Number of protein chains: 2
Amino acid sequence: MWTVSTSKSSKTETPGHYHHGNLRRALLEAGLERLESTQNPEFSLRELTRIVGVSVNAAYRHFASKEALLAAMAAEGFHRLVVEQAHAVQAHPDKGEGFAEAGRAYVNFARRHPALFRLMFSRFAATSPDREMHASAQLAYSGMLHSLAAVLDKPADDPEVKVGAIQAWSLVHGLSQLIIDGQVDSHTDNVDTLIDEVFKAKLETGFLQKQ
Amino acid sequence: MWTVSTSKSSKTETPGHYHHGNLRRALLEAGLERLESTQNPEFSLRELTRIVGVSVNAAYRHFASKEALLAAMAAEGFHRLVVEQAHAVQAHPDKGEGFAEAGRAYVNFARRHPALFRLMFSRFAATSPDREMHASAQLAYSGMLHSLAAVLDKPADDPEVKVGAIQAWSLVHGLSQLIIDGQVDSHTDNVDTLIDEVFKAKLETGFLQKQ
DNA sequence: GGATGGATGTGAGCAGTGTACACATTCATG
DNA sequence: CATGAATGTGTACACTGCTCACATCCATCC
């Protein structure tokens, strides 16, 4: 996808490509693809630079460390998640359904990209002072917060909305984690119907009831 | 704590200690302590053996790989979690309260041992074929399942119980994860009261209602 | 249009890692 | 007390993240 410009060509991409043609982006893509394609999500910086076809240290012109690369990948993951959730919300005229669908989208995102999902919430996500990543995560949260506020017809800073948002996020996040850990698979036949059941029960008895 | 037996002494511990005195246990303890005591939960096998005062490869007589050591540490974590939850359940005569208290114990375990908690649910927990660890995790799940079955006064294999258990586990697990990721801290003043609120809301409207 | 300086990529090298292999020591048991 | 198994040690190897000095390329200005 990202071809090296051997001498002077391939000016087809976005600006900011000096020798390689946006090496930063290429490394990110390679890393993300690596997460998707293999069983073992551990990878070395050297492996990525080998894939991209560049010397090891070229990476250090774009990322201060391997950790910084991982943080950028996580941020990209949050961006994609936010997009998918926004789509889910907008696809449903009924706000309650839209909110529930966003939850389903969350779980399915985790199922489709388990390694990326883990990366997004791994240790360094809490530790690293990466600004971009925290901003992305914040975006995901505030999106859900406002969606729930619309459902409950209350301001976003209403305590009930805040607690409800954390509750919903916890449920969805926990379910995602347990599923990708294979800790739910072993107890149920079909994960899809389980998700439906969990959500249905939630809808009937839980916080989505405007009471 | 684990002193090396220079020549022939320190037979004070459980059997199975040849040269060192249960090196396996010592490595586990060192690893767990390492997780508690430091900011950066990454550690090398060599570091652990240095702490214990033994050559690097001695560890390989007790663990097939570093991954196996991590799996054993995770299993130990599950054991401790199960113990704390059991205590929480038994401390309350009312079964519903006991169940809720077990949930609180779950969250607090994660808060007190964030690195260990992460390890227990990290990538390799799903990947690794470590039998002991999966057995321990299973134990945690079935304990909660039976506790909920008692609350609802239904058999443990009742679909409603199963769904409720996964729901409860998801909520508690997700909340734990979000808290230790610092993703909740930034939105609320006091985590403790938040937990109470989440649980209270759950108790009032959720699956704990016998309807 | 050619010089200049900053952005970008390269190569060698360092300390540290996980682990395999051959060997040494110690223990339980005959 | 000899023997074999269990346990610990030393050496070595391929690999890692990362630093430093150097090479290359591009945009820009005279």
Side-chain angles (χ1 to χ4, degrees), chain A residues 2-28 30-31 34 38 40-73 123-124 127-128 130, chain B residues 2-28 30-31 34 38 40-73 123-124 127-128 130:
Chain A
W2 292 97
T3 51
V4 182
S5 58
T6 46
S7 63
K8 46 162 71 179
S9 60
S10 86
K11 225 185 175 85
T12 56
E13 295 308 325
T14 54
H17 53 85
Y18 282 76
H19 301 56
H20 172 276
N22 211 343
L23 177 56
R24 180 190 159 90
R25 191 75 214 161
L27 287 170
L28 271 179
R34 180 65 170 67
T38 180
N40 180 6
E42 313 277 320
F43 60 83
S44 69
L45 207 53
R46 296 172 116 95
E47 183 182 350
L48 248 49
T49 58
R50 248 176 269 133
I51 292 174
V52 177
V54 90
S55 99
V56 188
N57 293 359
Y60 284 90
R61 300 291 169 188
H62 303 272
F63 301 98
S65 63
K66 183 186 180 184
E67 189 128 319
L69 206 197
L70 293 174
M73 287 170 58
R123 170 195 67 79
F124 88 95
T127 300
S128 143
D130 187 284
Chain B
W2 292 97
T3 52
V4 182
S5 58
T6 46
S7 63
K8 46 163 71 179
S9 61
S10 87
K11 224 181 174 93
T12 57
E13 293 309 324
T14 54
H17 52 86
Y18 283 78
H19 300 57
H20 171 276
N22 212 345
L23 176 56
R24 179 189 160 91
R25 192 73 215 165
L27 287 170
L28 271 179
R34 180 64 171 66
T38 181
N40 179 5
E42 314 275 321
F43 61 82
S44 69
L45 207 52
R46 296 171 116 93
E47 184 182 349
L48 248 49
T49 59
R50 249 177 269 133
I51 293 175
V52 177
V54 91
S55 99
V56 187
N57 292 1
Y60 284 89
R61 299 293 169 187
H62 303 272
F63 301 99
S65 64
K66 183 186 180 184
E67 188 127 321
L69 206 196
L70 294 174
M73 287 170 58
R123 170 196 67 79
F124 88 94
T127 299
S128 143
D130 187 285

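These figures come from a predicted structure and were not determined experimentally. By convention in this document, chain letters (A, B, ...) are assigned in the order of the sequence lines, proteins followed by strands, and residues within each chain are numbered from 1. For the numbers below, each heavy atom of this structure counts, side chains included, while hydrogens, waters and symmetry mates do not.
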Inset, instruction - Using only side-chain N and O atoms of B/S44, determine if any of them is under 4.0 Å from OP1 or OP2 of C/dT17. - result: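 Yes, because at least one side-chain N or O of B/S44 sits under 4.0 Å from OP1 or OP2 of C/dT17.
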
Inset, instruction - Give a yes/no answer on whether the side chain of A/H62 brings an N or O atom under 4.0 Å of OP1 or OP2 in C/dA7. - result: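 Answer is no, no contact under 4.0 Å.
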
To the nearest Å, how far apart are [X] [atom1] and [N] [atom2]?
{"X": "B/K66", "N": "C/dT17", "atom1": "NZ", "atom2": "C1'", "result": "8 Å"}
{"X": "B/L45", "N": "C/dA20", "atom1": "CG", "atom2": "P", "result": "12 Å"}
{"X": "B/L23", "N": "D/dT9", "atom1": "CG", "atom2": "C1'", "result": "13 Å"}
{"X": "A/R50", "N": "D/dC15", "atom1": "CZ", "atom2": "P", "result": "8 Å"}
{"X": "B/N57", "N": "D/dA6", "atom1": "CG", "atom2": "P", "result": "18 Å"}
{"X": "A/L27", "N": "D/dG17", "atom1": "CG", "atom2": "C1'", "result": "15 Å"}
{"X": "B/E67", "N": "C/dG18", "atom1": "CD", "atom2": "C1'", "result": "12 Å"}

Shortest side-chain distance from [X], nucleotide among [options]:
{"X": "B/R61", "options": "D/dT9, C/dT17, D/dC18", "result": "D/dT9"}
{"X": "A/R46", "options": "C/dG9, C/dG13, D/dT9", "result": "C/dG13"}
{"X": "B/V54", "options": "D/dC18, C/dT19, D/dT9", "result": "D/dT9"}

Legend entry - Euclidean distance, B/I51 CD1 relative to B/R46 CZ, rounded to 0.5 Å: 14.5 Å

Legend entry - Pairwise salt bridge (charged side-chain N to carboxylate O under 4.0 Å, His left out) hits with a residue in residues 49-66 of chain A, at least two apart: none

